[in-house]
Amino acid sequence: MPVITLPDGSKRTFDHSVTVHEVASSIGAGLARAALAGRVNGKVVDTSSVIDGDAELAIITDKDPDGLDVIRHSTAHLLAQAVKQLYPEAQVTIGPVIEDGFYYDFSYSRPFTPEDLAQIEQRMAEISKADLPVKRRELPRDEAVQHFLGMGEKYKAEIIASIPAGEPIGLYGQGDFEDLCRGPHVPSTGKLKAFKLMKVAGAYWRGDHRNEMLQRIYGTAWANDKELKEYLHRLEEAEKRDHRKIGRELDLFHMQEEAPGAVFWHPKGWSVFQRLISYMREVQAKAGFEEVNAPEIMDVSLWQQSGHLEKFGENMFLTRTPDERLYAIKPMNCPGHVQIFKQGIRSYRDLPLRFAEFGKVHRYEPSGALHGLMRVRAFTQDDAHLFITPDQITEESVKVTQLILDIYRDFGFDDVRIKFSDRPPQRVGADAVWDQAEAALKAAAVAAGIEFTLNKGEGAFYGPKLEFVLRDAIGRDWQCGTLQVDLNMPGRLGAHYIDEAGQKQTPVMLHRAIFGSLERFFAILLEHHAGRLPAWLAPVQAVVMGITDRQSAYVESVAEGLKNQGFRVTSDLRNEKVGFKIREHTLQRVPYLLVAGDKEVAANLVSVRTRNGKDLGTMQLATFVERLRIELDSRGRAVGED
RNA sequence: GCCGCUUUAGCUCAGCUGGUAGAGCAACCGCUUCGUAAGCGGUAGGUCGUCUGUUCGAAUCAGACAAGCGGCACCA
């Protein structure tokens, strides 16, 4: 006699076991048709699933986020079915749901082509149209292994064989296709209507680069065509923000074949880059950091001692000089900072010592990893190392965390999360010190008062770490800052201080970076703002232009006046229509466009327009200056351009 | 590094099955003096990523290499 409680609290009593579908039908035919799955006592199940006791039940439709997952998962099966029909020798492996869609990995003698994809998609549409019922059955594990081996599906058999023996194996069938699956799935293929295959790619079997490479097909699937279209539109919008495109359009930087993974900064890009540095200099100096600078090329012996050569050697650039000495180009700044720490005898009274460096490092990243400014081989870190006593870990960690969050806010990133990684199985250092270090970082994360997640066992071998992830304007997450406790390197490189009792002690070292890589942070800023860098960072803050050349002298004097007050301003005296100039400088993302015609000249005014197309009207130059100054001083928080 | 794709003018791209290249925008030169996202006309610009091969002949076909793009792996 199951009593079914629905989400609105209402109860329905049945005198026999019922399926989710039957309950939905008893509520209404429309709901029964829309039902994709059910949530029984919090667990998502098929609509065919039988309920034989009292239960809470929600009918899942495509309005429900779980419903979308079911659709995506089922579309992955649809893809596999289409592929098996068109390419019977292809072997199926796995097909999980991912953000915005799904993928399915196949083992096949050749890669799929875009033409194949079109054909597969066509076949998927046909199978969907046929509205094949999706049916679940179970087999004992060993039988399931034999079943798939018999079909020649060795990957499936391998997956099933790795499932514990006692568990029954769920199989989902639709028409001529059957796949191992935990489920749940939509009741029939006709529910899958809005999908698109996106791309093909290689992927290693079980994610291990030593294994065979499979053919992965990515797809996206949505509740309806409208959502699918919106998604495709979002992708296009994201493409427009691509920092590589913006970098070229705004003449900020370029890269070329002879220097893979390294940046040629153009004047405008470098101006922004320098501004990031001077900003950071200012705020970190206030926070007690002292800037240092260490050599970029040092003898390999130092890197042997630090352990980098052994652990990181494959990623290091080496250089042999005519005198046959082998040097390494620094991939990290820490050993250099330890050398500075080691000069002279340090007292506990000197601590904490906070050394910061805008250190240019070189890392030989795998060729396939390079990506615009996001992943390069030569980049600048806003790196710092704090040499402290174990007692100071908590206080310093809290301070660094606050500093990081304050800085992100200045750049318009308010949505920040923290990832906390604690001790890995393989590590150095005594457990008592790990306890202390982990507690300190946790305290810092808690004090920050923002969401943090624990990555169990993901810490570095030398210490636990916090990683700061910021979310950009279109919802993408970027890991930038990091705060790591290092219980290894100071000792390894022979750093000491003398404690209150006159005893030699090894300091604890904190590594911290806020931008992380300036190149990467620059790219994130460009994408976050879609190229419209806040005025305090913009390479050009305003362009002054006339309508005809009668105003040229006035335009020049306005531009000069602004420049003399420290603003970054240019004038545009070209013989072009004002509409043309407006368009061009708007595309160049110049925050303010000042126009002067005969009327403005006569009244000693400027007409101000923003790059967002807003007309701020005509005003005295001093009024504009005041407004801009407030905007720059507040980094855009007190006054915005629109 | 692995799989696939791509590489033609500053940019975006066209160039069918081999007969030594074309457009739009940008640039340059004129004309136009015009009120808030493209005024008109003209000129110039490329050893088709590099190397090797096939061929009477290669941007086009083949191979190697390089870089880039999308994934995978990597990100100490």
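Below, chain A is the first sequence line, B the second, and so on; all start at residue 1.
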Please state whether the phosphate of [N], meaning OP1 or OP2, lies under 4.0 angstrom from any side-chain nitrogen or oxygen of [X].
{"X": "Arg583(A)", "N": "A26(B)", "result": "no"}
{"X": "Arg609(A)", "N": "A37(B)", "result": "yes"}
{"X": "His371(A)", "N": "G68(B)", "result": "no"}
{"X": "Tyr218(A)", "N": "C72(B)", "result": "yes"}
{"X": "Arg244(A)", "N": "C69(B)", "result": "yes"}
{"X": "Lys199(A)", "N": "G71(B)", "result": "yes"}
{"X": "Arg248(A)", "N": "U12(B)", "result": "yes"}
{"X": "Thr586(A)", "N": "A37(B)", "result": "no"}

Report yes or no: is there a donor-acceptor pair, N or O only, under 3.5 Å between the side chain of Glu600(A) and the base of G35(B)?
->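 Such a pair is found, so the answer is yes.
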
For the base of G1(B), is there a side-chain donor-acceptor partner from Tyr364(A) under 3.5 Å away?
->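 No, the side chain and the base share no sub-3.5 Å donor-acceptor pair.
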
Whom does [N] pair with, Watson-Crick or G-U wobble, provided both distances fall under 3.5 Å?
{"N": "G30(B)", "result": "C40(B)"}
{"N": "U20(B)", "result": "none"}
{"N": "A67(B)", "result": "U6(B)"}

Spacing of [X] atom [atom1] relative to [N] atom [atom2], expressed in whole Å:
{"X": "Leu373(A)", "N": "G68(B)", "atom1": "CG", "atom2": "P", "result": "12 Å"}
{"X": "Trp205(A)", "N": "C3(B)", "atom1": "CH2", "atom2": "C1'", "result": "17 Å"}
{"X": "Glu576(A)", "N": "G35(B)", "atom1": "CD", "atom2": "C1'", "result": "15 Å"}

Pair [X] + [Y]: basic N to acidic O under 4.0 Å:
{"X": "Asp251(A)", "Y": "Lys268(A)", "result": "no"}
{"X": "Arg476(A)", "Y": "Glu527(A)", "result": "yes"}
{"X": "Lys245(A)", "Y": "Glu249(A)", "result": "yes"}
{"X": "Asp486(A)", "Y": "Lys465(A)", "result": "no"}

By nearest-nucleotide position on RNA chain B, the 5'-leaning member of Met213(A) and Ala203(A) is Met213(A)

Closest nucleotide of RNA chain B for Gly372(A) versus for Pro114(A): which of these residues is on the 5' side?
-> Pro114(A)

Closest approach of Thr75(A) to Ala221(A) (non-hydrogen atoms, all atoms of both residues) | OG1-CB, 3.7 Å

Closest approach of Pro331(A) and Met316(A), non-hydrogen atoms and distance?
->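 Minimum heavy-atom contact is CG-CG, 3.7 Å.
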
Any base atoms under 4.0 Å from [X], or only sugar-phosphate, or nothing? Heavy atoms, all strands.
{"X": "Val595(A)", "value": "base"}
{"X": "Ser607(A)", "value": "base"}
{"X": "Arg377(A)", "value": "nothing"}
{"X": "Ala201(A)", "value": "base"}
{"X": "Gly368(A)", "value": "base"}

Please list, by residue number, the residues of residues 544-552 of chain A whose heavy atoms come closer than 4.0 Å to an atom of RNA chain B; answer none if no residue qualifies.
-> Ile547(A), Thr548(A), Asp549(A), Arg550(A)

Gln256(A), CD atom: more than 12 neighbouring heavy atoms under 6.0 Å = yes

Regarding Glu600(A) and Tyr554(A), is there a side-chain donor-to-acceptor distance under 3.5 Å anywhere?
->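 No, no side-chain donor-acceptor pair sits under 3.5 Å.
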
